[in-house]
Amino acid sequence: MGFFANKRGKAISITLIALFAAGVILWSATAPPPYIRIHPPIEMGEVPQEVTDVQAEGDPLGELLAEMMDLPGHDEIVLQEDLGRAFVTCMDGKIWKVDFAANTAEPFVDPPLMAAGARQMPGDPDTIVFCASYLHGATYPEGEQVGIYKLSISTKQVAPLLTRAPVIPETCTIPGENTGAVYTGENFKALKIDKMTEQNSRALMFCNDLDVSRDGKRIYFSEPFAYEGASMGGGAVAEAISLGKNGMLWRLDLEDGSIGLVGRGYSFLDGVLLEYENGDRESSVLITETIKFRILRLHLEGAKAGKDRVLWKDLPGMPDGLDRDAQGRVWAGLLKRRSPLVNFIHANPWIKPLFLRIPPSMIPAGKETGIIAFSPDCSQALYATMHDGSLMNDVSVVVPGRDRIYLPRFDQESHGLYSMENPLN
């Protein structure tokens with residue numbers, strides 16, 4: 001009897017050792033790349049009372065007008081209401097044209113990769129500039145490059161404006177008020193595009209959103225992170241979990257053909273919206289740190305040049321793209337609701353190595369989404385609403401028109417153009 005018990009005990013021990021070894025091998029094999037660095041713990045508080053106070057009654061986003069149901073899920077809309085049309089950056093990789101008079105939507109051009117954030121060039125309704133990046137899980141023709149592109153509507157010609165960025169030395173740091181650094185004045189270093197080499201520049205990895213100066217001479221754009229596998233959607237999950245400080249804001253000067261770094265060290269720097277105090281020269285820029293549920297201002301000129309400031313934190317959802325309506329009010333899409341699980345993970349980073357080993361498709365994301373609006377100087381919350389996800393589950397930005405606001409949905413399963421009357425008019 002003792003012999004068999006001893007034999008059984010050895011078998012159990014061998015099995016446990018084998019399971020442990022298998023677990024160690026699996027843990028090692030699924031480890032995130034070394035450039036995924038986990039952020040120290042952060043405590044996310046309650047939603048600001050100023051936002052709670054302007055929360056709409058009911059669920060206004062559950063009763064939207066849906067049109068043009070052929071239109072795929074999309075990231076951005078460039079409205080040209082005076083011309084009766086809009087151009088939409090869709091997740092099928094094409095830019096679609098919406099004809100409001102005919103109530104139709106159809107593919108217009110097939111740009112490199114997937115077009116994302118886009119703007120009409122000021123004073124030139126025939127020209128649109130847009131970001132192009134990889135969409136996680138999609139395949140594209142070999143040789144297509146991440147970058148900023150220009151679309152000539154009348155000719156349907158797409159041309160690259162920028163596909164590379166300067167290599168930034170690790171010593172290039174300036175302490176900021178927040179977690180990042182803002183480069184202005186003599187600290188802003190630009191590199192001429194025609195002087196780029198393989199040594200002093202690199203390929204852009206992720207161009208997410210942009211804004212164009214009033215005079216049409218400068219484009220500011222976000223690169224949320226710049227490492228292998230950078231992409232929209234599932235490719236950003238590891239960054240969202242780790243809260244990496246890899247986000248960069250770049251400025252492309254179309255007049256002198258140069259590019260320089262404006263801000264770095266932010267966590268998934270996404271939305272970009274320029275601000276002005278006097279004239280056509282931008283004085284500051286609003287950005288969203290999507291995965292930190294924050295909106296910040298980076299000061300470009302004046303006494304606060306080189307400083308940053310957190311304007312809003314602990315928002316109810318992940319702020320994505322930024323836009324303005326005709327009254328100058330600032331609108332943001334809240335891509336996903338902030339959940340208790342998100343709060344727990346970021347407050348307890350010891351658990352993040354486990355979540356970083358789980359396939360993105362298995363991580364609960366939730367379906368609730370929403371929108372929020374602020375005063376023109378972004379100091380006062382004016383309107384907010386969250387939707388239960390029954391009609392849409394990923395509002396990427398709010399695009400204000402004359403009387404309505406349009407809500408792009410970053411969801412491949414969604415179709416149609418959705419809008420509602422502007423609740424602030």
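Position 1 is the first residue of the sequence; numbering continues from there.
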In this structure, CZ of Arg309 is separated from CG of Leu296 (nearest 0.5 Å) by 10.5 Å

Item to complete: Decide yes or no on side-chain contact (heavy atoms from CB on, under 4.5 Å) for Met196 and Leu191, but give the supporting numbers first.
Response: CA-CA 7 Å; Met196 285 184 172; Leu191 176 65; 3.7 Å; yes

Does any donor atom in the side chain of Tyr266 or Asn246 lie under 3.5 Å from an acceptor atom in the other side chain? no

*asked:* Within the structure provided, determine whether Glu76 and Phe410 are in side-chain contact (heavy-atom separation under 4.5 Å).
replied: no

The reported gap from NE2 in His74 to OH in Tyr406 (rounded to nearest 0.5 angstrom) is 11.0 Å

- Item | Between Glu50 and Gln380, a side-chain donor and acceptor under 3.5 Å | no

_Less than 4.0 angstrom from a charged side-chain N to a carboxylate O is my criterion; do Lys336 and Glu368 meet it?_
no

One should read off an interatomic distance between Asp253 CG and Lys217 NZ, to the nearest 0.5 angstrom, of 9.0 Å

Value for CG (Leu61) from CE (Met420), rounded to nearest 0.5 Å, stands at 6.0 Å

Which of Trp331, Tyr383, Trp312 passes ring pair (Phe, Tyr, Trp, His ring centres under 6.0 Å) with Phe374? Answer is Trp312

Next item on the list: With side chain to side chain donor-acceptor pair (under 3.5 Å) as the test, would you mind laying out the steps for Asp53 and Gln49 before giving the verdict?
Entry: CA-CA 6 Å; Asp53 288 344; Gln49 187 63 45; 2.7 Å; yes

Exactly one candidate in Leu162, Val129, Asn208, Leu249 meets side chain to side chain contact (heavy atoms under 4.5 Å, CB included) with Phe221; the answer is Leu162

> Any sub-3.5 Å donor-acceptor pair from Thr163's side-chain atoms to Gln145's backbone N or O?
Replying inline: no

Exercise. Specify whether Phe225 and Phe268 have parallel, tilted or perpendicular ring planes, treating 30° as the upper limit for parallel and 60° as the lower limit for perpendicular.
Key: tilted

Problem - Check: Asn103 and Glu67 side chains under 4.5 Å, non-hydrogen atoms - result: yes

Check whether any side-chain heavy atom of His346 lies under 4.5 Å from a side-chain heavy atom of Lys352, and answer yes or no. yes

When rounded to the nearest 0.5 Å, the distance separating CE of Met114 from SG of Cys90 is 7.5 Å

_Between Lys367 and Asp411 (salt bridge meaning N to carboxylate O under 4.0 Å), is one present in this structure?_
no

Taken in chain and number order and not counting sequence neighbours, the residues that satisfy disulfide (SG to SG under 2.5 Å) with Cys207 are Cys131

Between the OG1 atom in Thr369 and the NE2 atom in His387, the distance rounded to the nearest 0.5 Å is 8.0 Å

Nearest heavy-atom contact between Val51 and Leu315 is CG2-CD2, 4.2 Å

Note: Ile372 and Ala384 closest approach over all heavy atoms is CG1-CB, 4.0 Å

**Request:** Give a yes or no answer on whether the side chain of Ser267 reaches the backbone of Gly244 with a donor-acceptor pair at less than 3.5 Å.
**Result:** yes

Indicate yes or no: at least one non-hydrogen side-chain atom of Tyr220 is less than 4.5 angstrom from one of Arg218. yes

Note to self: Under a plain distance cut-off of 3.5 Å, with no hydrogens placed, do Arg404 and Asn422 share a side-chain donor-acceptor pair?
What the structure shows: no

Is the shortest side-chain heavy-atom distance between Ile95 and Val88 below 4.5 Å?
no

Q) When you measure from the side chain of Ser242 to the backbone N and O of Ile38, does any donor-acceptor pair fall under 3.5 Å? A) no

All heavy atoms of Thr290 vs all of Pro319, minimum pair found to be OG1-O, 2.7 Å

Minimal heavy-atom distance between Ala347 and Pro41, with the atoms involved, is O-CB, 3.6 Å

- Message: Does Lys245 form a salt bridge (charged side-chain N to carboxylate O under 4.0 Å, His left out) with Glu289? I'd like the steps, not just the answer.
- Response: CA-CA 10 Å; Lys245 300 178 184 180; Glu289 277 190 304; over 6 Å; no

Salt bridge (charged side-chain N to carboxylate O under 4.0 Å, His left out) evaluation trace for Asp126 with Lys150
CA-CA 10 Å; Asp126 191 55; Lys150 176 177 70 173; over 6 Å; no

Counting only N and O atoms by type, is there a donor-acceptor contact under 3.5 Å from the side chain of Thr127 to the main-chain atoms of Met121?
no

State whether the side chain of Arg337 and the backbone N or O of Gly317 hold a donor-acceptor pair below 3.5 Å, judged by distance alone. no

Minimal heavy-atom distance between Leu64 and Met392, with the atoms involved, is CD1-CE, 3.2 Å

Next item on the list: State, yes or no, whether a side-chain contact exists between Pro111 and Leu151 at a heavy-atom distance under 4.5 Å.
Entry: no

Counting only heavy atoms from other residues, nucleotides and ligands, does the tally under 6.0 Å from CD of Gln327 exceed 12? yes

Checklist entry - Does Glu106 come within less than 4.0 Å of Lys97, counting only side-chain N to carboxylate O? => result no

* So, the side chain of Ser222 versus the backbone of Pro224: is there a donor-acceptor pair under 3.5 Å, distance only? -> no

Of all heavy-atom pairs linking Glu275 and Asp377, the shortest is OE2-O, 4.4 Å

query = Does the distance from a Lys or Arg side-chain N to an Asp or Glu carboxylate O, for Glu223 and Arg202, drop under 4.0 Å?
reply = yes

Would you call the rings of Tyr140 and Tyr134 parallel, tilted or perpendicular, taking 30° and 60° as the class edges?
perpendicular

task: Take Leu261 and Phe188 through the test side-chain contact (heavy atoms from CB on, under 4.5 Å) and record every step on the way to the result.
output: CA-CA 7 Å; Leu261 186 66; Phe188 176 80; 5.8 Å; no

### Task
Before accepting this row, confirm whether a basic side-chain N of the pair Asp314/Lys292 lies closer than 4.0 Å to the acidic partner's carboxylate O.
no

Walk me through whether Met44 and Phe293 qualify under side-chain contact (heavy atoms from CB on, under 4.5 Å). CA-CA 9 Å; Met44 293 192 178; Phe293 301 85; 3.6 Å; yes

Subject >> Backbone of Tyr276 reached by a side-chain donor or acceptor of Arg214 within 3.5 Å >> reply: no

Working note: Asp215 + Arg281, criterion side-chain contact (heavy atoms from CB on, under 4.5 Å); need CA distance, chi angles, decisive distance, verdict. CA-CA 8 Å; Asp215 58 13; Arg281 187 74 189 195; 5.5 Å; no

task: Check for a donor-acceptor pair, side chain of Asn348 on one end and backbone N or O of Ile351 on the other, with a separation under 3.5 Å.
output: no

Practice task
Report yes if the side chains of Thr288 and Arg294 come closer than 4.5 Å at any heavy-atom pair, otherwise no.
Solution key: no

Q.
Check this for me, if you would: do Glu282 and Arg251 make a salt bridge, where the nitrogen-to-carboxylate-oxygen distance has to be below 4.0 angstrom?
A. no

Q.
Measuring only between side-chain heavy atoms, which start at C-beta, is Arg119 closer than 4.5 Å to Leu210?
A. yes

Stepwise salt bridge (charged side-chain N to carboxylate O under 4.0 Å, His left out) check, Arg324 with Asp211:
CA-CA 11 Å; Arg324 291 187 188 276; Asp211 199 8; over 6 Å; no

- Does Asn200 use its side chain to pair, donor to acceptor, with the backbone of Lys195 at less than 3.5 Å? yes

Tested for side chain to side chain contact (heavy atoms under 4.5 Å, CB included) against Leu286, the lone hit among Val330, Leu274, Leu298 is Val330

